[in-house]
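Heads up: the structure comes next, in structure tokens.
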Amino acid sequence: MKRFGLSSAERIKSKKIFEKIFTYGSTIFSYDQKIKANYILEAGNAGVKFAAAVSKKNGNAVWRNRLKRLLREAYRLNKQTLVEFSLKKDLSIKVVFLPHRLNQKDNKKICYDEIAPAVVDLMSKMTGAK
RNA sequence: AGUCCGGUUUGGGCAAUUGCUGUCAUAAAAUGGCAGAGGAAAGUCCGAACUUCCCAGAACAGGGUGCCGGGUAAUACCCGGGGACCGGAGGAGCAAUCCUUCGGUUACGGAAAGUGCCACAGAAAAAAUACCGUUCCUCAUUUAUGAGGAAUAAGGGUGAAAAGGCAGGGUAAGAGCCUACCGCAGUAAUGGUAACAUUACUGGCACGGUAAACCCCACCCGAAGCAAGAUCAAAUAUGGAAGUUUUUUCCAUAAAGGAAACAAAGGUGUUCUGCUUUGUUAAACUUCCGGGUAGAUCGCUGGAUUCUGGUGGCAACAUCAGAACAAGAUAAAUAAUUGCCGCCUGCCUUAGGCGGGUUACAAAAUUCGGCUUACAGAACCGAACUGCUU
RNA sequence: UGCCCCGUGGUGUAAUUGGCAACACGUCUGACUCUGGAUCAGAAAAGUUUAGGUUCGAGCCCUAACGGGGCAG
């Protein structure tokens with residue numbers, strides 16, 4: 001596995017896994033309330049799977065695509081701690097990132113520096129809580 | 001030179017690092033090379049290709065289109081022309097208005113095939129039943145009024161719309177009743193492929209509006225849509241066939257057997273009950289066939305393709321030659337950061353220096369041809385107006 | 001991605017082939033009551049999602065846009 005890579009094997013693609021996460025998983029919010037994360041932990045099969053989901057109500061297609069790319073970029077550059085935690089405890093982690101108090105009306109142009117701290121904060125909360 | 005309107009084109013560039021999708025190279029892992037979002041990708045308003053269903057044809061129903069000619073695979077699209085309307089300029093005229101030219105808009109077939117509707121107001125809303133008024137006749141009397149009869153659509157008022165306009169003649173008063181001009185309708189000639197235009201003659205007018213009301217006429221249309229559809233195929237439901245093993249619901253038993261239930265067949269179009277005949281009864285396992293969910297592969301990008309040039313055509317477009325392959329994902333790639341140039345902008349201001357911004361509308365989802373809508377800035381073209389100069 | 005449907009006071013619904021936008025609940029004011037509720041009387045609140053067109057006249061007919069909702073293997 002590459003240090004800063006993000007291949008398709010590390011992403012969630014099945015509809016069933018999404019349903020599982022949203023019904024049984026737990027939710028945490030970032031310090032500035034911009035991003036939230038739904039995640040689920042299972043014993044065995046060490047590894048982390050990731051996805052970003054943006055609702056149609058938050059903005060138009062261009063805005064949604066941009067937010068998903070920024071979330072993916074922030075995760076890709078800062079995923080190291082989460083992967084090490086997973087390998088150490090032998091847990092399979094599945095995470096979905098969603099915008100909480102972000103929409104196109106208030107933030108027409110968003111950039112990487114606004115998203116990255118929130119994502120890092122969420123991941124440190126997940127590892128620290130266990 | 002500026003303002004405003006309309007139209008066309010364009011929709012920042014180069015490089016580095018990290019990462020994603022596709023593809024090519026090496027036997028594979030991995031590494032490297034190459035490529036990677038728009039003019040609207042949008043809305044889904046039209047038209048096609050393609051696929052499945054149905055397929056022998058015809059008719060009806062339903063839907064669509066609607067001045068004429070051309071273009072196209074096809075269209076509600078495009079090009080050219082005609083009519084009508086709007087705006088500007090110029091000219092003619094006392095004026096109404098008309099003519100010329102430039103630009104724009106136009107769902108623009110039929111109201112003498114038929115039906116419906118036209119609220120309120122008004123006498124009357126379509127075969128004019130005459131409200132006020134005008135005129136004549138008769139009768140009555142208070143002698144200028146009343147009653148009755150007749151003629152009259154010129155005038156009044158109502159309305160969105162009132163039965164050709166205007167002038168002269170005519171008349172009891174009036175009226176296309178007659179005449180000139182204009183409008184309208186018909187016929188003919190000329191020009192034009194045609195829509196239509198022009199001219200001449202005839203008719204005195206007969207024909208209010210509405211078809212984005214029903215309808216009539218002409219032409220066109222089978223339905224659904226890539227989540228179409230094709231192939232492979234875990235699972236699950238347990239459908240069918242074959243085989244093997246253990247074993248039999250009740251009664252009776254030495255054995256044969258009997259009963260019950262279920263299934264099939266028989267006579268009827270169907271159902272139920274009964275009858276007759278035949279067969280079977282429970283469980284497990286294996287194999288084959290069928291079925292087709294999760295998932296995978298195909299459909300999936302080389303095509304009514306793009307660019308350049310020639311030829312034909314007023315043009316849309318057609319055709320010929322040469323060159324080029326230009327995204328193909330599926331919880332869904334095309335991104336992040338940085339530097340330089342370009343552009344916009346603030347301050348200090350001679351050059352120049354310092355700082356900020358990097359953009360509008362918006363992102364492929366089977367593929368094309370249009371239409372419609374959104375759009376910062378830039379470039380070009382056309383028309384009008386204003387100012388200055390000649 | 002494709003297909004289909006709907007927009008009327010604050011809310012839920014009407015409006016017969018085009019002719020004054022109606023009703024209920026809610027809101028406000030007054031009366032009744034010591035006060036509130038209930039009851040009675042009265043009032044305000046839309047111009048029909050938006051923009052064009054047809055018509056003498058559009059909630060209704062036509063075209064485009066905007067918003068909301070539903071269906072599918």
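Below, chains carry the letters A, B, ... as their sequence lines are ordered, and counting in each starts from 1.
In this structure, the CZ atom of R76(A) is 15 Å from the P atom of U17(B), given to the nearest Å. Regarding L70(A), its CG atom lies at a distance of 14 Å from the C1' atom of U334(B), rounded to whole Å. Rounded to a whole Å, the CG atom of L77(A) is 13 Å from the C1' atom of C20(B). With rounding to whole Å, L67(A) atom CG is found 14 Å from A336(B) atom C1'. If you measure from atom CD of Q80(A) to atom C1' of U18(B), you get 14 Å, rounded to the nearest angstrom. Atom-to-atom, CH2 of W63(A) to C1' of C361(B) comes out at 18 Å; the value is rounded to the nearest Å. Nucleotide A333(B) holds its C1' atom 17 Å from the CG atom of L71(A), rounded to whole Å. To the nearest angstrom, C1' of C20(B) lies 12 Å from CZ of F50(A).
Base-pair partner of U97(B): A92(B) (Watson-Crick or G-U wobble, both distances under 3.5 Å). Under the Watson-Crick or G-U wobble criterion, with both distances below 3.5 Å, G267(B) has no partner in any strand shown. Within the shown strands, G240(B) is the pairing partner of C288(B) under the Watson-Crick or G-U definition, both distances less than 3.5 Å. Taking a pair to require two hydrogen-bonding distances under 3.5 Å in either a Watson-Crick or a G-U wobble arrangement, C307(B) pairs with G322(B). Across all strands shown, C85(B) pairs with G104(B); the Watson-Crick or G-U wobble distances both stay below 3.5 Å. Across all strands shown, nothing is found opposite A76(B) as a Watson-Crick or G-U wobble partner with both distances under 3.5 Å. Nucleotide G36(C) forms no Watson-Crick or G-U wobble pair with any nucleotide shown, as no partner meets the under 3.5 Å limit on both distances. Pairing of U145(B), defined by two Watson-Crick or G-U wobble distances under 3.5 Å, is identified with A140(B).
Separation of the C1' atoms belonging to G32(B) and C380(B) is 47 Å when rounded to the nearest angstrom. Nucleotides G6(B) and U105(B) are separated by 10 Å at their P atoms, to the nearest Å. The separation of A332(B) from G36(B), taken at their P atoms, amounts to 23 Å, rounded to a whole angstrom. When the C1' atom is used for both C55(B) and C320(B), the distance is 42 Å, rounded to whole Å. For the P atoms, the distance from U65(B) to C62(C) is 11 Å, rounded to whole Å. When the C1' atom is used for both A76(B) and U106(B), the distance is 15 Å, rounded to whole Å. Distance noted for atom C1' between C226(B) and A378(B): 42 Å (whole Å). Taking the P atoms as reference points, C24(B) lies 13 Å from A326(B), given to the whole Å.
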Under 3.5 Å, which protein N or O atoms sit close to an N or O of nucleotides 37-41 of chain B? Give each pair with its distance.
unit_1: A37(B); atom_1: N6; unit_2: R69(A); atom_2: NH1; d: 3.3
unit_1: A37(B); atom_1: N6; unit_2: R69(A); atom_2: NH2; d: 2.7

### Task
Using the side chain to side chain contact (heavy atoms under 4.5 Å, CB included) rule, take V54(A) and L98(A) through it: C-alpha gap first, then chi angles, then the decisive distance, then the call.
CA-CA 6 Å; V54(A) 186; L98(A) 300 110; over 6 Å; no

### Task
Decide yes or no on side chain to side chain contact (heavy atoms under 4.5 Å, CB included) for I115(A) and L71(A), but give the supporting numbers first.
CA-CA 7 Å; I115(A) 302 299; L71(A) 284 173; 3.7 Å; yes

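Both A52(A) and A61(A) lie near RNA chain B, and the one whose nearest nucleotide falls closer to the 5' end is A52(A).
Note: F50(A) and Y75(A) have parallel aromatic rings, judged against thresholds of 30 and 60 degrees for the angle between ring planes.
The nearest pair of heavy atoms linking P99(A) to A53(A) is CD-O, 3.3 Å.
Considering only residues two or more places apart in sequence or on other chains, K36(A) meets the salt bridge (charged side-chain N to carboxylate O under 4.0 Å, His left out) condition with none of them.
Using a 4.5 Å heavy-atom threshold, the side chains of S86(A) and E84(A) count as separate. Looking at I35(A) and F97(A), their side chains come closer than 4.5 Å, going by heavy atoms from C-beta outward. Contact of the V95(A) side chain with the M126(A) side chain is registered, since non-hydrogen atoms from C-beta on lie closer than 4.5 Å.
The glycosidic torsion of U97(B) lies more than 90° away from 0, which places this base in the anti conformation. Nucleotide G39(B) carries a syn base; the chi torsion (O4'-C1'-N9-C4 or O4'-C1'-N1-C2) is within 90° of 0. With its glycosidic angle more than 90° from 0, A227(B) adopts the anti conformation. Classified by its glycosidic torsion, G47(C) falls in the syn category, the angle being within 90° of 0.
Contact between the side-chain N/O atoms of R66(A) and the OP1/OP2 oxygens of A336(B) is found at a separation under 4.0 Å.
Remark: side-chain polar atoms of D121(A) are paired, donor with acceptor, to backbone N or O of Y31(A) under 3.5 angstrom.
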